[in-house]
Number of protein chains: 2
Amino acid sequence: MRIGDAAAAAGTTPRALRFYEQNGLLPPPRRTATGQREYGHRDVARVRVIRTLLSLGLTVADLRDCGDRLDLLEDDALPPYGGPGACSRPSGVAERRLAALDAEITRLTRLRERLAARVGAQAQGVSDRSRS
Amino acid sequence: MRIGDAAAAAGTTPRALRFYEQNGLLPPPRRTATGQREYGHRDVARVRVIRTLLSLGLTVADLRDCGDRLDLLEDDALPPYGGPGACSRPSGVAERRLAALDAEITRLTRLRERLAARVGAQAQGVSDRSRS
DNA sequence: CTTGCCTTTGACGCATGGGTCAAGGGTTAG
DNA sequence: CTAACCCTTGACCCATGCGTCAAAGGCAAG
């Protein structure tokens, strides 16, 4: 499988695959004699995991910090909480990202409040709407 | 008053003033015979307003869209709601930014929920904390 | 062999709000 | 006059996740 097909199979582009490789998210695949990248099903699966985690708000740096244990964050790897030892997620990456998300949400919410105070008192229901 | 003093008076840097000028937030000031920018108190005041509005989450583009009526968003310009006509804020810039903030907050909150669902069920209190 | 699509690497673009450096000229105190 | 600091414009830098273009070579079908 060359890069175009692998990318299509994973629902993305060749550019993205090379980008992941350059940034240490994807191990360098073997090459054909002429230097073209050759991927297998495992690679495609890993790319899917990468995309899922990125879409969850993790950054490239987060996933790079995970190293090869990226899979530990995967969908079916572990149930959310398996008992008093299952919390040992790789590097606490997800926890750090959660904290960063919390900080950003708090910052934006404060901003919204201050801006709203100037514009007028309409539409204060952000927090409520965010609870959906 | 040359750029360095004006910048200091407004609590920022010469670079920022030139940046604001290039981006249409600050009118081009008159120049000395040798081309150096000359600022007055009005300019300094305007820079302060610009910085306040930027710190409130408005973008440079927002303020540019406001044109010269930037002052209408200023602290003491109008009381928040002066009656059935006072809502006519310049270009609805603030309202649009408010909506954008809401959208971003909602997006991040959803992200947080999804990420938290993977990591475990701890620390769900973002919305609550954001209510402060 | 040729055509046409696929792949390679490298480099620039985007949006944000300036920071920082460079090369050259102004200004002012001593 | 000169040192020392200020100002001028222009251009590259930061982080993010790739998109896009470019030049050049690979690969399979006709």
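Every chain is numbered from 1, with letters handed out A, B, ... down the list of sequences.
Contact check, Tyr20(B) against dG17(C): no side-chain N or O comes under 4.0 Å of OP1 or OP2. Arg31(B) has a side-chain polar atom (N or O) that falls below the 4.0 Å cut-off from OP1 or OP2 of dT9(D). Contact annotation: Arg37(A) reaches the phosphate of dT8(C) (side-chain N/O to OP1 or OP2, under 4.0 Å). Side-chain nitrogen and oxygen atoms of Arg51(B) include at least one within less than 4.0 Å of the OP1 or OP2 phosphate oxygen of dG18(C).
The separation between Glu21(A) atom CD and dT8(C) atom C1' is 11 Å, rounded to whole Å. We find that CD of Gln22(A) is positioned 15 Å from P of dT16(D), with the value rounded to whole Å. Rounded to whole angstrom, the span from the CG atom of Leu58(B) across to the C1' atom of dG18(C) amounts to 17 Å. Put simply, OH on Tyr39(B) is 14 Å from C1' on dC6(D), counting in whole angstrom units. Separating the CZ atom of Arg15(A) from the P atom of dC6(C) is a distance of 18 Å, rounded to the nearest angstrom. Rounded to an integer number of Å, the gap from CZ of Arg64(A) to P of dT16(D) is 8 Å. Rounded to a whole Å, the CG atom of Asp5(B) is 7 Å from the P atom of dC7(D). Summarising the geometry, the separation between CZ on Phe19(B) and C1' on dA11(D) is reported as 15 Å, rounded to the nearest angstrom.
The CZ atom of Arg64(A) sits 7.5 Å away from atom OG1 of Thr59(A), with the distance rounded to the nearest 0.5 Å.
When every heavy atom of Leu111(B) is checked against every heavy atom of Gly57(A), the shortest pair comes out as CD2-CA, 3.8 Å. Considering every non-hydrogen atom in both Pro14(A) and Ala7(A), the closest pair reads N-CB, 3.4 Å. Contact record, Leu26(B) with Ile50(B): CD1-CD1, 4.1 Å, taken as the closest heavy-atom pair.
Heavy-atom distances to DNA chain D give each of Gly35(B) and Ala61(A) a nearest nucleotide, and the one nearer the 5′ end belongs to Gly35(B).
Thr12(B) comes within contact range of no nucleotide atom at all, as no heavy-atom separation falls under 4.0 Å.
Using a 4.5 Å heavy-atom cutoff, the side chains of Arg51(B) and Val47(B) are in contact.
Not a single donor-acceptor contact under 3.5 angstrom links the side-chain atoms of Arg18(B) to the base of dT8(D).
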Close N/O contacts between protein and nucleotides 27-30 of chain C (under 3.5 Å):
unit_1	atom_1	unit_2	atom_2	d
dT27(C)	OP1	Thr34(B)	OG1	2.8

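Between Asp62(A) and Arg96(A) there is no salt bridge, since no side-chain nitrogen of the basic residue lies less than 4.0 Å from a carboxylate oxygen of the acidic one. Taking 4.0 Å as the cut-off between side-chain N and carboxylate O, Glu104(A) and Arg107(A) count as a salt-bridged pair.
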